[in-house]
Amino acid sequence: MRVPGYGLMIDRDAPLKFRFDDTWVNGFEGDTVASALLGSGIRLMGRSFKYHRPRGPLTADSAEPNALITTHDGARRIPNIRATVQPALHGLRTRSQNAWPSLAIDALEVNDLAAPFLGAGFYYKTFMWPKAAWEKLYEPAIRRAAGLGALSGEADPWRQEKAFAHCDLLVVGGGPAGLMAALQAAEAGTDVILADEDEILGGRLTREAEQIDGRPGHVWAAETVTRLTALGVRIMPRTTVTGAYDGGTYGALERVSHHIADPHPDLPHDCFWRIAARACVLASGALERHIAFPMNDRPGILLASAVRAYLHRWGVAPGRRIAVFTTCDDGHRTAADLRAAGIEVPAVIDPRADAPDDAIRGEVVATRGRLGLKRIEIRTSGGGRRWVDCDALAVSGGWNPTLHLTCHLGARPVWDENLATFLPKAGAVPGMTVAGAAAGLFSTTQTLESGAAKARQALDGLGRRHQPVTLPDARSEAARQIAPLDVRAPKGVRHRAWLDFQNDVTTKDVRQAAQENFASVEHMKRYTTQGMATDQGKTSNVAALAVLADATGRGIPETGTTTFRPPFSPVPISAMGAGAEGAGFAPERFTTSDPAMRKAGAPMIETGLWYRPGWFPQGSEDWRAACTREAAMVRATVGVADVSTLGKIDIQGPGAAALLDFVYTNTFSTLKQGRVRYGLMLREDGHVMDDGTTARLGPEHFVMTTTTAAAGQVMRHLEFVTQCLRPDLDVALISTTEQWAQFSVAGPHARTLIQSLVAEPVTDETFPFMACGAVTVAGIAGRLFRISFSGEHAYEIAVPSRYGAHLWRDLLARAEALGGGPYGMEALNVLRIEKGFVTHSEITGRVTAFDIGMDRMISAKKDCIGKAASRRPALLAHREELVGLRSASGAQITAGAHLYNQGTRPDAENDQGYVTSPCYSPALGTYIALGFLRDGRARMGETVRMVDRVRGQDTLVEIVAPVQVDPEGGRARG
Amino acid sequence: MRFNLLEIVRQGLSGNAGWQPHWRAPDPKPEYDVVIVGGGGHGLATAYYLAKEHGITNVAVLEKGYLGGGNVGRNTTIVRANYGLPGNSEFYSHSLKLWEGLEQDLNYNAMMSQRGVYNLYHSDGQRDAYARRGNQMISQGDDAQLLDRAAVRRHLPCLDHDNARFPVLGALYHPRGGTARHDAVAWGFARGADQRGVDLIQNCEVTGIDIDGGRVRGVQTSRGAIRARKVALVTAGRSSQTAAMAGLRLPIESHVLQAFVTEGLKPLIDSVVTFGMGHFYISQSDKGGLVFGGDLDFYASYAARGNLPMAEHVMEAGMALMPMIGQAKVLRSWGGIMDMTPDGSPIIDKTDIGGLYLDCGWCYGGFKAVPGSGFSLAHLIATDTHHAPAARFRLDRFATGALIDEEATGSQHNLH
Amino acid sequence: MRLTCPLCGDRDRREFYYMGHATYLDRPAADAPAEAWDAYLHLRENPCGPTHDLWQHEAGCGAWLRVTRDTATHEITAVELAR
């Protein structure tokens, strides 16, 4: 219900309506869904995970375990939203979840009746018989019952963003400590970001009746924010700092438009920030803890600080008669505030020996009210018991500093006996200091002072000069508290006392875990699921720890704690993964001919970020027909292909030749200027890294070609070799892959075509096989290489990229005039298989020079990368060796098929090898392939069995030499 | 105490007061036949199979922290036997057979669920590599199917099949793969070993290894010296440190691997799906949380936590593959320390020191190996001969070149 | 995580490629015994604590860097050009 005259942050002149299940709920601007529901007298907002217990909100903040709802409709649906932080928006659709058929009548509440049999870890002890029933019966039933909300099942349509930010000082939390820290730092001229998860800065000041500098605390906070803005501080409201990472990097989730009923379509829903901060002041406040007392989970039982928050900030009381149960002075503050608002407080119960006189010394030992609290039973310290009617209970079990971020780099918090709470470990995160309640300072005076002091400490670390800021006047009493209490029910009364509300973990579960020797705190957590719900145990972990300590006869410090890990509060996958949907996951690289190829209908296939054409269909051709035609075309006339994607590395300097000798197995220092040589490159572990041709353009100038996929790896490798292993070599490298557009022109008419294009004479004398040189292409300085990956008379012609698109069009026209045309990757693959040239289908990374029959290319006269390791014994004998395969039956050969000797069982023991690259060879009129066969070079002419079980192929293949077309190589030379 | 429904009912009716410890908390004895250093999944499984298969029960498992506190309790719970190379193939095949029936063997519900594992492919080259792998799996006696685009669409409606960057062209499907409840696996083996007389000693850090005359004689611990005829180091994540106590230098570099879990959601992903283009894998737990992970953070680390670049990369892969999970919120991330070897495959072997055994180098594949590793190491300890399915996991294979390089990335430790 | 490239300054970890321990700088001679190559390629001290490792500022200046770093805390105390 609403309380007249209260409600600091709601605008009673701006009413709004939203739907919760089938009810329209009235609220005001500034409300959360939870405050509006409570204001309308609705306390039941959710169901617990395991027992489906009816639940209302426990908190007024992001630590909420109970009041989880689903918002929005259709594809935009978002499950597991905390009603306590979701702004109430006009027209918003909200729904309860994990209840059927309705929130009030939930069939699975039957679980609660079976609770004695569903205690900690029960599922580890059953569902094992009969064996098949786990997967057929039990597990499907469990999965259906489990889970909280449901996703829409459609692609997430919310617009999400990511961004980077840099600052000198990040202040986490905009309460009194954070505001003072930001002020102190800003006045010293520091670049400050102040982030707070709330929409309005001020922290508890927006939720209490408290005076600072003679005016309401929230007014002081708002004025301070204005000052900070004027000083250039970047204020980030609605921004939760979710994680602390190495090197002063913080993750933060900004809820950019959650508070807008009808946001502009360009506004993202969230933005995930990566903030690089040279220093950080953590001023994240504290979280109140609950008390474990019998039946403490009913709707209407809230934390005392939450009751004050609802009253002051939203003008809402969760009941008409609100009792208080507290082990901390703050409970009494709640009672006083409620009474001042004219709300009846029938009892204030405080078990502490030094409880104020007007309190009842005792404990709450029972409660009633299935869908909402109706009465509580009090047991006084004298042992008397009585029932008190009330419809809400404000509970305070003391405060835990919100120290989660201090644990993200692995530090564990330290128990403080005096404060009866955990405190952050000093120096837990380099560059981070902790101020205010997060450091265990619970009075406003202390927090203001510590905020400024910790900022000065950070400024000292940054080497900044500063003058102390003036501290405002504030209330100075710190609430005293005692260690978490575990209230036992009177003898003979069956009861449960909840710790983890969402996961339904009770004190009995923790005690049972200890009894079963899950005595380590990690074991207890994992066995009972304590602290593993969406709130990650924010309101319950310390209480659970106290119960475990008691059950195992240890103190809390000896029991230890579990740790907190990022994120501080849940982060949508779409926020941290923003931008990757659709085509956004990896960069796309396009050749200069790409638009023309797409226009020609070529299917573009991704190869190592690049897109290359599969084939160029004519008419109704399928891929195979097109491929066969193109391959035959190259062998008969002339074909043109874009090979710009191959890596090109320009290598210059007096040491260039020596570098190549060192990184290639074979020798390049002997290569003549104007000539090209095939090179084989090993990794230092003796396996083939890459291969390609390198051209010598000048005495100290080489251009290396790499495969498309390995270009980056080879470049990095060459940088490593030149900088780290051979700094003696005077050589410079640069990748020029994107600077040159390069095209292959292959086939008997290749020379005719090339000659028609370039100014210089192209003959066997000027450009013999494996020659290279500068040419003039339509007045443009280009390069010509007479190299062949098809076995045909062929060239690669290169021009600066800006002329690539034009040259492609020109080449196509000239090729077509000669009866040729473009060819794609499929035909290129056929041509190279026919010639026995390897690609990364063969040189997979597990393959040695020996395996592909190139061991003799490892020069005996010099050292090279990988040479030593390639001599290891197991790499030189009984290997699977590169062979050619030819169908012996006319049946297709398939990639990935395994090879077996005829007459043996095709099982793993008898495996002889496998097929890597098969194709239909138009030149040979049959199916051929490359593959690897155990000791294959000695087995030419044998017939082996090829079995491809995943495709249902089983046939015989003949072992032949890898080069199946033109083995003498006359076509390329001639 | 046998665990079954009847016992649950009996205990439930009597206030659950009669549950017994799942394992004792013994003090260390002065001497054991076998001391296993490391109370993780592999160490506990080794102890269990030593007792069960070989009748060797005078065994202690020494654990620095709490049982199952290492990677067995921080992984993405995937169980599979879909390797492509001899060495791995037979080992994981054997391990999967042990997984099938583990609950009945252990009388502990480890929730092994053969939900199927899909390795998606996005190019012809990947398809062919999976075909080769699938053929290896079948020839090893395991199951594999090469699914085309239409089939994957039917099986996994949750994906963005027509993703503009990496459209899903098909998958290698391994029906017998799945997931298990990771902690329960450790606890089940612990309880089984304890019931057979093995002493599980927690909070007992090994500080030294006693070697005399080329033979191991025992260990020094934070709870005193313990003599032993045989000692096995089963300390993945800290292997280099424990081996150094015996003067050994291992072919291992430690790396951190992150994993993530979301809040509980109603069922939407029924199987394990892997997305090779993003090194991303995901499944949904019985509790409803999406459990997923990606690649290593890539720098040597012993800090059980990761950094943002890889965390974001993993989320990005998730958004590319299945944008329907966008509004699932990540609840928790964690990191485990991986023993990365130069070929990405593990080591189960004797050492040059008599009676000293090694089980390490599991990279990020250790969880599914738990039963197989325990079984094979127990065989090695008990018989001093290599168990056939693990016979290729030799320590000297890097020196000899008899590598098992599944990823084909070579000797750089972090690339596997 | 951030590294300070001696040539470019303080940069995010995503600009860098990691290779492994600085052992990789000490390549054995061509005729070194097999054990030396095994140690170079495979065996690692793998300390839990301060170590030296090799990174490349791949998305920046391309420099290979020898980084002094703690593997337990990720603290980086020195970054110098690898030579």
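Just so it is clear: chains get the letters A, B, ... in the order the sequence lines come, proteins before strands, and each one is counted from 1. The structure presented is a predicted model; accordingly, all values stated were derived computationally and were not measured.
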Report task. Please step through side-chain contact (heavy atoms from CB on, under 4.5 Å) for the pair C:Arg14 and B:Leu308, ending with a clear verdict. Result -> CA-CA 9 Å; C:Arg14 7 189 146 218; B:Leu308 270 177; 4.2 Å; yes
Proximity of [range] to chain B, residues having a non-hydrogen atom under 4.5 angstrom:
{"range": "residues 15-26 of chain C", "value": "C:Tyr17, C:Tyr18, C:Met19, C:Gly20, C:His21, C:Tyr24"}
{"range": "residues 52-65 of chain C", "value": "C:Trp55"}
{"range": "residues 67-76 of chain C", "value": "C:Arg69, C:Thr71, C:Ala72, C:Thr73, C:His74"}

Query - Top contributor to chain C contacts, counting heavy-atom pairs under 4.5 Å, from B:Pro309, B:Gly410, B:Ala244, B:Pro342 - result: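 Top option by heavy-atom pairs under 4.5 Å: B:Pro309.
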Portion of [X] that has a non-hydrogen atom of chain C nearer than 4.5 angstrom:
{"X": "B:Arg305", "answer": "both"}
{"X": "B:Leu250", "answer": "backbone"}
{"X": "B:Asp343", "answer": "neither"}
{"X": "B:Leu415", "answer": "side chain"}
{"X": "B:His313", "answer": "neither"}

Query raised in the report: So, for B:Arg249 and C:Arg44, which heavy atoms are closest and what is the spacing to 0.1 Å?
Result: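 Looking at all heavy atoms of both residues, the shortest contact is CG-O, 3.8 Å.
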Report task. Enumerate the residue pairs fulfilling salt bridge (charged side-chain N to carboxylate O under 4.0 Å, His left out) with a member in residues 402-416 of chain B, sequence neighbours excluded, ordered by first and then second residue. Result ->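 Sorted pair list comes back empty.
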Requested in this report: Give a yes or no on this: more than 12 heavy atoms of other residues, nucleotides or ligands lie within 6.0 Å of atom CG of B:Asp352.
Outcome: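 Not more than 12 within 6.0 Å, no.
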Report task. Measure from the side-chain N and O atoms of B:Gln241 to the backbone N and O of C:Asn46, and report whether any donor-acceptor pair falls under 3.5 Å. Result ->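 Yes.
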**Report entry** Any donor-acceptor pair under 3.5 Å from B:His413 side chain to C:His42 backbone
**Finding:**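 Yes, because the side chain of B:His413 sits within donor-acceptor range (under 3.5 Å) of the backbone of C:His42.
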